Visitor: 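Right, I'll just put the structure down here and ask away after.
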Amino acid sequence: MRHFVQTYLDDIKWASKGGRYYNDAAFAVRQSPKGEGVVTVFYPEEKLSSPERFRFVPFLVTDDPPPGQRWGHDWCTSCGICAKVCPPQCIWILRGKLPNGRPKPEPEKFFIDIDMCMNCGLCAEFCPFDAIKMDHDYELASYDRTSAHIHDKERLSKPLSYWREINPKRAAAEEAGRQMAEAAKAKKRDQAEEAPRLSNDDARQLPYRGAQY
Ligand code: SF4
Ligand code: SF4
């Protein structure tokens, strides 16, 4: 009975602090051992924000779209690693082709059966291009149990700004990693360009040396 009464007293206390009973700050305390009374969320009217590490089904990252467009350039190169590591094998990819018939490094089609997906996140962990990420959007239920649950490339694609919004810390760490890799690549390129210049210098000195003999 004390627990029951405390629920209402706690509601009043938190309402006076934040205006809403069920905000994130209130829940951090009310669902901890410090909490008093019983507490729940009146979903779907009340929703809590998801923690950054929360993962539901995957989505594909694209560049931020230019004005007037929904997506930018695909980050996915269609390498197929995610499809290989996916335990329930629920990813299907069709690689694009260039006009000369050679493989194009982007998917023409990309499907994920979200009913089979077990939200393990292995696809996102293994992708070498940071092109597939785990989404926070969990409201995917529908009465159509066939096509609505097979997400195609259009349904899966979301811009980089969305990833930065739902997972800012990880997105910033990945960005820093990419910049470091770019810097290392540029340094290597500069060193490789230096090497032929040295041998040209040597070559220019050859006739002079020859004149000495
Ligand atoms: S591992 Fe990444 S780049 Fe390769 S196919 Fe999957 S999403 Fe695309
Ligand atoms: S989260 Fe796991 S099960 Fe779902 S598509 Fe990725 S690898 Fe497959």
Side-chain angles (χ1 to χ4, degrees), residues 47-66 69-186 188-189:
K47 284 179 201 166
L48 296 177
S49 51
S50 308
E52 280 198 31
R53 296 183 66 176
F54 174 70
R55 55 172 197 254
F56 204 52
V57 296
F59 70 94
L60 293 174
V61 180
T62 73
D63 277 336
D64 285 331
Q69 287 185 29
R70 201 166 150 205
W71 303 288
H73 182 258
D74 294 324
W75 283 26
C76 174
T77 61
S78 191
C79 69
I81 290 176
C82 55
K84 280 201 185 90
V85 299
C86 174
Q89 294 286 288
C90 63
I91 301 178
W92 294 279
I93 304 166
L94 180 65
R95 176 176 262 181
K97 269 191 187 166
L98 292 167
N100 62 7
R102 299 194 65 190
K104 191 179 177 186
E106 65 184 59
E108 195 173 303
K109 294 184 180 173
F110 200 116
F111 297 100
I112 299 181
D113 184 336
I114 62 155
D115 283 337
M116 284 171 71
C117 173
M118 56 188 205
N119 321 111
C120 64
L122 282 182
C123 50
E125 291 300 323
F126 276 86
C127 176
F129 302 99
D130 290 336
I132 188 164
K133 298 289 172 202
M134 301 307 287
D135 208 345
H136 285 186
D137 181 12
Y138 53 84
E139 295 181 311
L140 302 176
S142 91
Y143 288 108
D144 177 357
R145 295 196 297 167
T146 52
S147 56
H149 290 190
I150 297 180
H151 287 188
D152 60 7
K153 189 178 158 193
E154 185 170 306
R155 175 76 175 74
L156 290 167
S157 297
K158 295 189 177 178
L160 177 62
S161 51
Y162 175 76
W163 173 238
R164 287 193 180 126
E165 193 185 304
I166 65 168
N167 212 323
K169 283 190 205 139
R170 181 119 189 229
E174 286 169 356
E175 183 66 42
R178 280 194 294 273
Q179 280 174 6
M180 273 172 65
E182 274 304 314
K185 231 192 270 178
K188 223 173 173 182
R189 213 168 30 233

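Predicted model only: the values in this text are computed from it and were never measured. Ligands are counted one by one from 1 in listed order, and the atoms in each one are counted from 1 as well.
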Visitor: Salt bridge between Glu139 and Lys47, side-chain N to carboxylate O under 4.0 Å?
Guide: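 Between Lys47 and Glu139 there is a salt bridge, with a charged N closer than 4.0 Å to a carboxylate O.
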Visitor: If you count the atoms of ligand 2 from 1 in the order shown, which ones are under 4.0 Å from a heavy atom of Met118?
Guide: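 By the 4.0 Å cutoff, the relevant atoms are 3 (S), 4 (Fe).
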Visitor: Using a 3.5 Å cut-off and no angle test, enumerate the donor-acceptor pairs between side-chain atoms of residues 71-83 and protein atoms at least two apart in sequence or in another chain.
Guide:
unit_1, atom_1, unit_2, atom_2, d
Trp71, NE1, Ser157, O, 2.8
Asp74, OD2, Lys153, NZ, 2.9
Trp75, NE1, Asp63, OD1, 2.8

Visitor: Met134 heavy atoms, cut-off 4.0 Å: which ligand 2 atoms fall inside?
Guide: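 Close to Met134: 1 (S).
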Visitor: Can we say Glu182 and Arg178 salt-bridge, meaning some charged N sits less than 4.0 Å from an Asp/Glu carboxylate O?
Guide: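 Salt bridge: no.
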Visitor: Enumerate the atoms of ligand 1 whose separation from the nearest heavy atom of Phe129 is less than 4.0 angstrom.
Guide: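 Selected atoms, number and element: 3 (S).
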Visitor: Under the 3.5 angstrom rule, does the side chain of Arg70 hit a backbone N or O of Pro65 as a donor-acceptor pair?
Guide: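 Not confirmed, Arg70 side chain does not pair with Pro65 backbone.
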Visitor: Considering the heavy atoms of Ile132, write down every atom of ligand 1 situated less than 4.0 Å from one of them.
Guide: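 Taking each heavy atom of Ile132 in turn, ligand 1 has 7 (S) under 4.0 Å.
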Visitor: In ligand 1, which numbered atoms sit nearer than 4.0 Å to a non-hydrogen atom of Thr77?
Guide: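 Close to Thr77: 3 (S), 8 (Fe).
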Visitor: Work out which heavy atom in Phe111 is nearest to a heavy atom in Asp152; give both atom names and the distance.
Guide: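 Here Phe111 and Asp152 meet closest at CE2-CB, 3.6 Å.
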Visitor: Any idea which atoms of ligand 2 are less than 4.0 Å away from a heavy-atom of Cys90?
Guide: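 Answer for ligand 2: 5 (S), 8 (Fe).
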Visitor: Would you say His136's side chain and Glu52's backbone share a donor-acceptor pair under 3.5 angstrom?
Guide: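 Yes; judged by distance alone, with no hydrogens or angles, the pair exists.
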Visitor: Answer yes or no for Cys86: is there an N/O/S atom below the 2.8 Å cut-off from atom 4 (Fe) of ligand 2?
Guide: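 Coordinating: no.
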Visitor: Only heavy atoms of Cys117, strictly under 4.0 Å: list the atoms of ligand 2 that pass.
Guide: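 With Cys117 as reference, the close atoms of ligand 2 come out as 1 (S), 3 (S), 4 (Fe), 5 (S).
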Visitor: Give the contacting part of Ile91 toward ligand 1: side chain, backbone, both or neither, where contact means a heavy-atom distance below 4.0 Å.
Guide: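 It is neither; nothing of Ile91 touches ligand 1.
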Visitor: How far apart are the closest heavy atoms of Pro103 and Arg95, and which atoms are they?
Guide: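 Where Pro103 meets Arg95 most closely, the heavy atoms are CB-CD, 3.5 Å.
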Visitor: Ignoring hydrogens, what is the shortest heavy-atom contact between Arg155 and Asp137? Give both atom names and the distance.
Guide: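 Looks like NH2-OD2, 4.4 Å.
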Visitor: Run the numbers for me: atoms of ligand 2, each under 4.0 Å from some heavy atom of Gly121, listed by number.
Guide: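 Listed by number with element: 1 (S), 2 (Fe).
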Visitor: Show the nearest heavy-atom pair for residues Lys84 and Gln89, with the distance to one decimal.
Guide: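 Closest pair (atom of Lys84, atom of Gln89, distance): O-NE2, 3.5 Å.
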Visitor: Can you report which non-hydrogen protein atom sits closest to atom 4 (Fe) of ligand 1, along with the distance?
Guide: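 Going by distance alone, atom 4 (Fe) of ligand 1 is nearest to Cys79 SG, 2.2 Å.
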Visitor: Could you tell me which non-hydrogen atom of Val61 sits nearest to which non-hydrogen atom of Asp130, and how far apart they are?
Guide: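 For Val61 versus Asp130, the nearest heavy atoms are CG2-O, 3.7 Å.
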Visitor: Could you tell me, atom by atom, which parts of ligand 2 come under 4.0 Å of a heavy atom of Pro88?
Guide: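 Checking each atom against Pro88, I get 3 (S).
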Visitor: Do me a favour and list the nearest non-hydrogen protein atom to atom 2 (Fe) of ligand 2 with residue, atom name and distance?
Guide: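 Scanning the protein heavy atoms, the shortest distance from atom 2 (Fe) of ligand 2 goes to Cys120 SG, 2.2 Å.
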Visitor: Run the numbers for me: atoms of ligand 2, each under 4.0 Å from some heavy atom of Pro58, listed by number.
Guide: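 It comes down to these atoms of ligand 2: 5 (S), 6 (Fe).
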Visitor: Can you pull out the closest protein heavy atom to atom 8 (Fe) of ligand 1? Residue, atom name and distance to 0.1 Å, please.
Guide: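 The closest one turns out to be Cys76 SG, 2.3 Å.
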Visitor: Pick whichever of Ala131, Ala83, Cys123, Cys82 has a heavy atom sitting closest to atom 1 (S) of ligand 1.
Guide: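 Among Ala131, Ala83, Cys123, Cys82, the closest heavy atom to atom 1 (S) of ligand 1 belongs to Cys82.
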Visitor: Flag the pair Lys158 and Glu165 as a salt bridge only when some basic side-chain nitrogen lies within less than 4.0 angstrom of an acidic carboxylate oxygen.
Guide: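 Glu165 and Lys158: not salt-bridged.
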Visitor: Which of the numbered atoms in ligand 1 are under 4.0 angstrom from any heavy atom belonging to Gly80?
Guide: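 Close to Gly80: 4 (Fe), 5 (S).
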Visitor: Within a distance under 4.0 Å of any heavy atom of Ile93, pick out the atoms of ligand 1 and give their elements.
Guide: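 So the atoms of ligand 1 that pass are 5 (S).
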Visitor: Closest approach of Phe59 and Leu156, non-hydrogen atoms and distance?
Guide: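 Closest approach of Phe59 to Leu156, heavy atoms only: CB-O, 3.1 Å.
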Visitor: Looking at ligand 2, is there an atom of it that comes within less than 4.0 Å of some heavy atom belonging to Arg55?
Guide: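 So Arg55 does not count as touching ligand 2.
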